Amino acid sequence: MKIKKWLGFILLSAFPLSLEAKPIQVAVAANFSKTMQSLVTEFEKNYDYQIALSFGSSGKFYAQIKQGAPYELFFSADQAKPEVLQQEGLVVAGSRFTYAIGRLVVWTVRPDFANKIEIKLKDGVFNKLAIANPKLAPYGAATLQVLSHLGLFDDTQARWVRGENIAQTYQFVHSGNADLGFVALSQLLGRKNMIEGFYWLVPDNMHQPIKQDVVLLKRAAQSQGAITFLDFIHTEKAQTIIAEYGYITLNGGQE
Amino acid sequence: MSLSDADIATILLTLRLATTVTILLLIMATPLAWWLARTQSWFKGPISAIVALPLVLPPTVLGFYLLLAMGPNGAIGQFTQALGLGTLPFTFWGLVVASMVYSLPFVVQPIQNAIEAIGNRPIEAAATLGAGPIDRFFTVVLPLAKPGFMTATILGFAHTVGEFGIVLMIGGSIPSETRVVSVQIYDHVEALEYAQAHVLSGVMIGFSFLVLLALYTFQRKRKAVGMTYGR
């Protein structure tokens, strides 16, 4: 267990301790980063709290939280990690909540693929297919379900390139190295008025819903700011913003 | 807890990558180190700086630009496509090229230091005895600079084994093609498979220690000129 102690020490020392008015430390899954920035802008307009955002992969945050990282809220990309944290007693009871349900798209930057993405995918007319690593990213796991549903799993497997998360998968397509890639709709809508390339919205009956959960961590049980921010996420205003970025919300809002 | 077949595949791939990169780098870096050690040219400064850049740049910067450069619209990508080789990202040879960039200073600098330490006199003496340039290299420079070459080989190999950021950016984690040990460890950690991560990390720590031990033991035994890296 010595290794774990040291790991904790290393992780802890990576976070500078500030003595000023403490902002609320929030860990956010990478796919939600743009949406979260909009939410924080809206929140800080109305409340007298500062939010400090950290973006990364849910797996890394999970490890850090277990080792005592000073996050107060954890917006995971899935349900599994908040669930495990809950079982381990690191979460304030009753705080877990599905803040967004992700939508998957097949995306390309090749102009000649416009409006033909579904056909190109089914006919196998592409060099590489970028997917998020299914072992790590919920969007990757959903991608495999879609490929199975379409009967393309075996035919395309040799041409998969795996990004370690959905942001890297985006990069593989954006740089032109992969003709097609399964990314999150929220990554494309983040740019609002200008969507780069072309996408095909994958019908959501082809995969399990990509439910993303947030939890209030035990260490922040008394943090008024964190509780206020979590309450804000429940509001219709916040849910509308989340829906604008291409997520389905449980309140019924949709793109 | 022992290594799975998938873990062993990543170890074999890593060793294959590091061996390929080290051999190619020794072939390419030697003339460059020779030139850097002996030239009076104005270009020495800029070229030395370029060679040393990978020491300073974060691997993500190198990886990001290599992904763009090797892609279908990048300069390297256009070149490889014109040769009918396709593009390099997500292939073993793409990793080889990237690793050669990344490990270049670790191979060039020890050899350069060793050649500089020899000085002009032995080489000139050999020349007056009628040795041609190639003869001089193989009978004078190579034996005298051997410790430098040993250091370069060990460091180039070890540094390639330890590579992570660039592979992550351009590899695409394809089994037996681009999924090396460091990426596999990362995947284990991210997937909360800490037991497997520990085993594989333990192998890496043991390996790295043995390599460095070999290097420093060797250096102490032979207090030859030009041995210390990074003077």
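By convention in this document, chain letters (A, B, ...) are assigned in the order of the sequence lines, proteins followed by strands, and residues within each chain are numbered from 1. Since we're looking at a predicted model, the values are computed, not measured. Computation of the quantities below employed the complete heavy-atom set of this structure, encompassing side-chain atoms and omitting hydrogens, waters and symmetry-equivalent molecules.
Contact residues of residues 75-83 of chain A toward chain B are A/Lys81 (heavy-atom distance under 4.5 Å). At a heavy-atom separation below 4.5 angstrom, chain A is approached by B/Pro89, B/Phe90 within residues 85-94 of chain B. Residues from residues 61-72 of chain B that place a non-hydrogen atom less than 4.5 Å from a non-hydrogen atom of chain A comprise B/Phe64, B/Leu67, B/Leu68, B/Met70, B/Gly71, B/Pro72, given in numerical order.
Separation of the A/Phe198 and A/Phe113 ring centroids does not fall under the 6.0 Å cut-off. Residues A/Trp107 and A/Tyr170 place their aromatic rings such that the two centres sit under 6.0 Å apart. The ring of A/Tyr247 has its center no closer than 6.0 angstrom to the ring center of A/Tyr99.
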Could you walk me through whether B/Phe157 and B/Val211 satisfy the side chain to side chain contact (heavy atoms under 4.5 Å, CB included) test, starting with their C-alpha distance in whole Å, then the side-chain angles of each, then the deciding distance to 0.1 Å, before giving a yes or no? CA-CA 9 Å; B/Phe157 188 88; B/Val211 166; 5.5 Å; no

Test log, rule side chain to side chain contact (heavy atoms under 4.5 Å, CB included), inputs A/Lys128 and A/Asp179: CA-CA 6 Å; A/Lys128 301 275 189 220; A/Asp179 286 340; over 6 Å; no

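Here B/Leu168 is the residue among B/Thr178, B/Leu168, B/Asn73 with the most heavy-atom pairs under 4.5 Å with chain A.
One side chain, B/Tyr186 or A/Lys60, offers a donor N or O that lies under 3.5 Å from an acceptor on the other. Donor-acceptor pairing under 3.5 Å is lacking for the side chains of A/Ser57 and A/Asn165. Side chain to side chain, A/Asn31 and A/Gln187 fail the donor-acceptor criterion of an N or O pair below 3.5 Å. A donor and an acceptor atom, one from each side chain of B/Thr160 and B/Tyr102, are nowhere located under 3.5 Å apart. Side-chain atoms of A/Glu88 and A/Tyr62 include a donor-acceptor pair closer than 3.5 Å. Between the side chains of B/Arg179 and B/Ser173, a donor-acceptor pair is found at a separation under 3.5 Å.
Within the structure, ring-ring contact (aromatic ring centres under 6.0 Å, His included) contacts touching residues 127-158 of chain A (residues at least two apart or in different chains) are A/Phe153-A/Trp160.
The shortest heavy-atom contact between B/Pro54 and B/Val51 is CD-O, 3.2 Å.
In this structure, chain B has a heavy atom under 4.5 Å from the side chain of A/Asn133, while its backbone stays farther away. In this structure, the portion of B/Glu193 lying under 4.5 Å from any heavy atom of chain A is its side chain and not its backbone. Looking at A/Lys66, there are no atoms closer than 4.5 Å to chain B (heavy atoms on both sides), in backbone or side chain.
Salt bridge status for A/Arg110 with A/Glu196: absent, with no side-chain N to carboxylate O gap under 4.0 Å.
When the shell of 6.0 Å around CG of A/Asp112 is examined, it contains more than 12 heavy atoms from other residues, nucleotides or ligands.
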